[in-house]
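Computation of the quantities below employed the complete heavy-atom set of this structure, encompassing side-chain atoms and omitting hydrogens, waters and symmetry-equivalent molecules. Remember, predicted model here, so these are calculated numbers, not experimental data.
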Amino acid sequence: MNITTKNKFIAYFLGFLQAFIGLTAVSGGFRLVSNPKGMSDFPIEWLSNSPFTNYLIPGLVLLIVIGFGNVLGGAITFLRKKYSGSIAILLGVFLILYMIIEVFFVGLRNYLQPLYFILGVIVLIFGFKLSKLSITFYQLEVESTPNKLSA
């Protein structure tokens, strides 16, 4: 597989993954913000060992940072902008940290917590791969330009 094909595969896979994470996080974040006092599947008692008295702040972080951030990151990745790898790295770190903090405060409650932790790691890895491919591509482009400083 040549570098262009590999770069396209990584970009499309990463963009799809970010869009999926973003859309599901928007949905989950909207549910938490709409019902900050808890729901049957997210009882308020889960927050008893956390600094939060309701789900408003965690829901806003999930909605805005994880949700809208990954939707925007996915769009940037699909457009194959040179900084899409760096954005993916940042979003992967945010998702990993969100899941670690959530499990620390509310405990391991369902399969989605480890699943999204793993998805965050995958986004992080593919973000590094995409960044490395972009750097390599741009370095080759710069090195192939003629030296116009010689007189």
Would the distance check show the side chain of [X] and the main-chain N or O of [Y] forming a donor-acceptor pair, the cut-off being under 3.5 Å?
| X | Y | value |
| --- | --- | --- |
| Tyr55 | Pro43 | yes |
| Tyr116 | Ile21 | no |
| Ser84 | Lys81 | yes |

Hey, any chance [X] and [Y] share a hydrophobic cluster, counting ILVMFWY side chains that come within less than 4.5 Å of each other, even indirectly?
| X | Y | value |
| --- | --- | --- |
| Trp46 | Tyr111 | yes |
| Phe128 | Leu97 | yes |
| Phe16 | Leu130 | no |
| Ile101 | Phe104 | yes |
| Ile125 | Leu115 | yes |

What I'd like to find out is whether the side chain of [X] reaches to under 4.5 Å of the side chain of [Y], using heavy atoms alone.
| X | Y | result |
| --- | --- | --- |
| Leu119 | Phe20 | yes |
| Val106 | Asn49 | no |
| Arg109 | Val103 | no |
| Lys129 | Leu14 | no |
| Leu47 | Phe105 | no |
| Ile96 | Val93 | no |
| Leu23 | Val71 | yes |
| Leu95 | Val123 | no |

Evaluate side-chain contact (heavy atoms from CB on, under 4.5 Å) for Phe126 paired with Leu17, printing each intermediate quantity in order. CA-CA 10 Å; Phe126 275 82; Leu17 190 57; 5.9 Å; no
Say you draw a straight line from [atom1] of [X] to [atom2] of [Y]; how long is it, rounded to the nearest 0.5 Å?
| X | Y | atom1 | atom2 | result |
| --- | --- | --- | --- | --- |
| Ile57 | Leu62 | CD1 | CG | 13.0 Å |
| Ile89 | Phe94 | CD1 | CZ | 12.5 Å |
| Leu56 | Asn35 | CG | CG | 11.5 Å |
| Phe117 | Leu112 | CZ | CG | 15.0 Å |

Which pair of heavy atoms, one from [X] and one from [Y], lies closest together, and at what distance?
| X | Y | answer |
| --- | --- | --- |
| Pro58 | Tyr98 | O-OH, 3.1 Å |
| Asn54 | Pro36 | CB-O, 3.0 Å |
| Gln113 | Gly107 | NE2-O, 3.1 Å |
| Ala25 | Ile66 | CB-CG2, 3.7 Å |
| Ser86 | Ser131 | N-OG, 3.3 Å |

Working note: Arg31 + Asp41, criterion side-chain contact (heavy atoms from CB on, under 4.5 Å); need CA distance, chi angles, decisive distance, verdict. CA-CA 11 Å; Arg31 283 186 69 211; Asp41 52 343; 3.0 Å; yes
Going through the distances and angles, do Ile122 and Phe13 end up as a side-chain contact (heavy atoms from CB on, under 4.5 Å)? CA-CA 10 Å; Ile122 293 170; Phe13 178 77; 4.0 Å; yes
Check against side-chain contact (heavy atoms from CB on, under 4.5 Å), Met39 and Leu32: CA-CA 8 Å; Met39 298 165 276; Leu32 292 176; 3.8 Å; yes
